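In this text the structure is predicted, and so the values were computed from the model without any measurement. The figures here come from the full heavy-atom set of this structure, side chains too, leaving out hydrogens, waters and symmetry mates. Read the numbers this way: they start at 1 and go in the same order the structure lists the ligands and their atoms.
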Amino acid sequence: MQGDTGLPASPAEWSGWWAPYTDDIYREALAALRPGQTILDIGAGDLRFARRAVALGCRVIAVEMQMSVVQSGIGRGPLPDGLSVIIADARDWPFPSGLDAAVLLMQYCTDYALYVRKLRAVGCPLLVTNARWRLGVEAIPLAPAAPYRADRIGWFACVRCGHTGFTPGDPALITEEVAEHVTNVEGCPACM
Ligand SMILES: C[S@@+](CC[C@H](N)C(=O)[O-])C[C@H]1O[C@@H](n2cnc3c(N)ncnc32)[C@H](O)[C@@H]1O
């Protein structure tokens, strides 16, 4: 849907408009990958990240729903060996097994929880994304995280639903270390 200006009306809609990230973001994501891995790139845009991951030595399955965006990427050079492109809606397309990691560079993704469910169902161990904090890139282990605890003061980030927050408590207990640490949790107040 578009606003009166003809432009997307919300950040979530902007994420459906392909726009490239900076090299810094791509470098951060590549740093979480290793040569020889099989990667699922969800919402791959014009394949510029996927091409970089292949150059690193990964085999990449790139899923993108906008044919025109993929075509513009293909127009920039032949697809390298090791890059498979799927034109599909990643919400419906069945994820393959045998993945070493998934990459979700989609800052305003509204389907984080769905993708985590689908990746866990096929045994994918790692999600590299900027969708949870909407800032830099993080590598999230998809193994079950510690259950959320309401009595644990500090930052938390939910692996299951992507919600992030700060559990309040006695200010005297909020040390610098507490303020800087983020705990990956499962079953936070937003997803219970
Ligand atoms: C912000 S762009 C980022 C593109 C790419 N990940 C990059 O970093 O260069 C997000 C892309 O995700 C695609 N996308 C969004 N939802 C999708 C879905 N459900 N299935 C497939 N692609 C999707 C959009 O079409 C858009 O090209």
Side-chain angles (χ1 to χ4, degrees), residues 1-3 5-34 37-80 82-122 124 126-140 142 160-164:
M1 196 212 285
Q2 295 177 351
T5 58
L7 296 172
S10 70
E13 287 165 24
W14 270 110
S15 79
W17 278 40
W18 178 78
Y21 287 112
T22 61
D23 279 343
D24 282 354
I25 293 285
Y26 294 138
R27 259 195 302 273
E28 285 177 39
L30 286 171
L33 307 180
R34 297 289 171 266
Q37 290 183 324
T38 298
I39 308 300
L40 179 66
D41 186 2
I42 304 171
D46 78 347
L47 310 174
R48 64 182 71 194
F49 177 79
R51 286 180 189 274
R52 283 165 165 82
V54 170
L56 177 70
C58 297
R59 191 175 93 77
V60 179
I61 304 164
V63 188
E64 168 58 49
M65 68 195 300
Q66 296 192 70
M67 169 79 90
S68 59
V69 175
V70 171
Q71 275 169 341
S72 77
I74 291 174
R76 297 189 320 152
L79 292 184
L83 175 54
S84 312
V85 180
I86 311 287
I87 310 290
D89 186 328
R91 292 170 293 190
D92 307 327
W93 182 70
F95 287 178
S97 55
L99 299 173
D100 294 300
V103 175
L104 177 68
L105 293 180
M106 205 188 295
Q107 224 170 347
Y108 294 105
C109 181
T110 52
D111 299 301
Y112 169 95
L114 171 65
Y115 294 141
V116 167
R117 270 202 310 280
K118 291 183 66 173
L119 291 168
R120 282 178 157 173
V122 296
C124 179
L126 192 73
L127 174 61
V128 179
T129 187
N130 59 354
R132 211 163 57 157
W133 292 95
R134 298 178 176 178
L135 294 166
V137 174
E138 57 174 343
I140 306 172
L142 294 179
R160 188 186 302 167
C161 76
H163 181 71
T164 58

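Comment: R52 engages D23 in a salt bridge, judged by a side-chain N to carboxylate O separation of less than 4.0 angstrom.
With M65, M106, M67, E64 as candidates, the residue nearest to atom 25 (O) of ligand 1 on a non-hydrogen basis is E64. For atom 20 (N) of ligand 1, the nearest non-hydrogen atom from the set A131, C109, A90, A62 belongs to A90.
Although no hydrogens or angles enter the test, the distance criterion places no donor-acceptor pair under 3.5 Å between the side chain of D89 and the main chain of M65. Proximity of a side-chain donor or acceptor of E28 to a complementary backbone N or O of V137 within less than 3.5 Å is detected. R34 contributes a side-chain N or O that, together with a main-chain N or O of A31, makes up a donor-acceptor pair within less than 3.5 Å.
Less than 4.0 angstrom separates some heavy atom of Y115 from each of these atoms of ligand 1: 18 (C), 19 (N). In summary, the atoms of ligand 1 found under 4.0 Å from a heavy atom of R91, numbered by their order in the structure, are 19 (N). The contact set between ligand 1 and L105, taken as ligand atoms under 4.0 Å from a residue heavy atom, comprises 3 (C), 6 (N), 8 (O). Ligand-side atoms of ligand 1 in range of A44: 5 (C), range being under 4.0 angstrom from any heavy atom. Listed by number with element, the atoms of ligand 1 under 4.0 Å from a non-hydrogen atom of Y26 are 7 (C), 8 (O), 9 (O). Which parts of ligand 1 touch A88 is read off a 4.0 Å heavy-atom cut-off, strictly below it: atoms 20 (N), 21 (C).
Annotation: G43 places an N or O atom under 3.5 Å from an N or O atom of ligand 1; distance criterion only. Taking any N or O of D89, backbone or side chain, at least one lies under 3.5 Å from an N or O belonging to ligand 1. Looking at Y21 next to ligand 1, no N or O pair under 3.5 Å apart turns up.
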> Hey, mind stepping through L47 and D41 against side-chain contact (heavy atoms from CB on, under 4.5 Å) and telling me if it holds?
Replying inline: CA-CA 9 Å; L47 310 174; D41 186 2; over 6 Å; no

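Surrounding CZ of R59 are at most 12 heavy atoms belonging to other residues, nucleotides or ligands under 6.0 Å away.
Residues R160 and R117 fail the side-chain proximity criterion, which asks for heavy atoms closer than 4.5 Å.
Taking the six-membered ring where tryptophan is involved, the planes of F95 and Y115 are essentially parallel, since the angle between them stays under 30° and well short of 60°.
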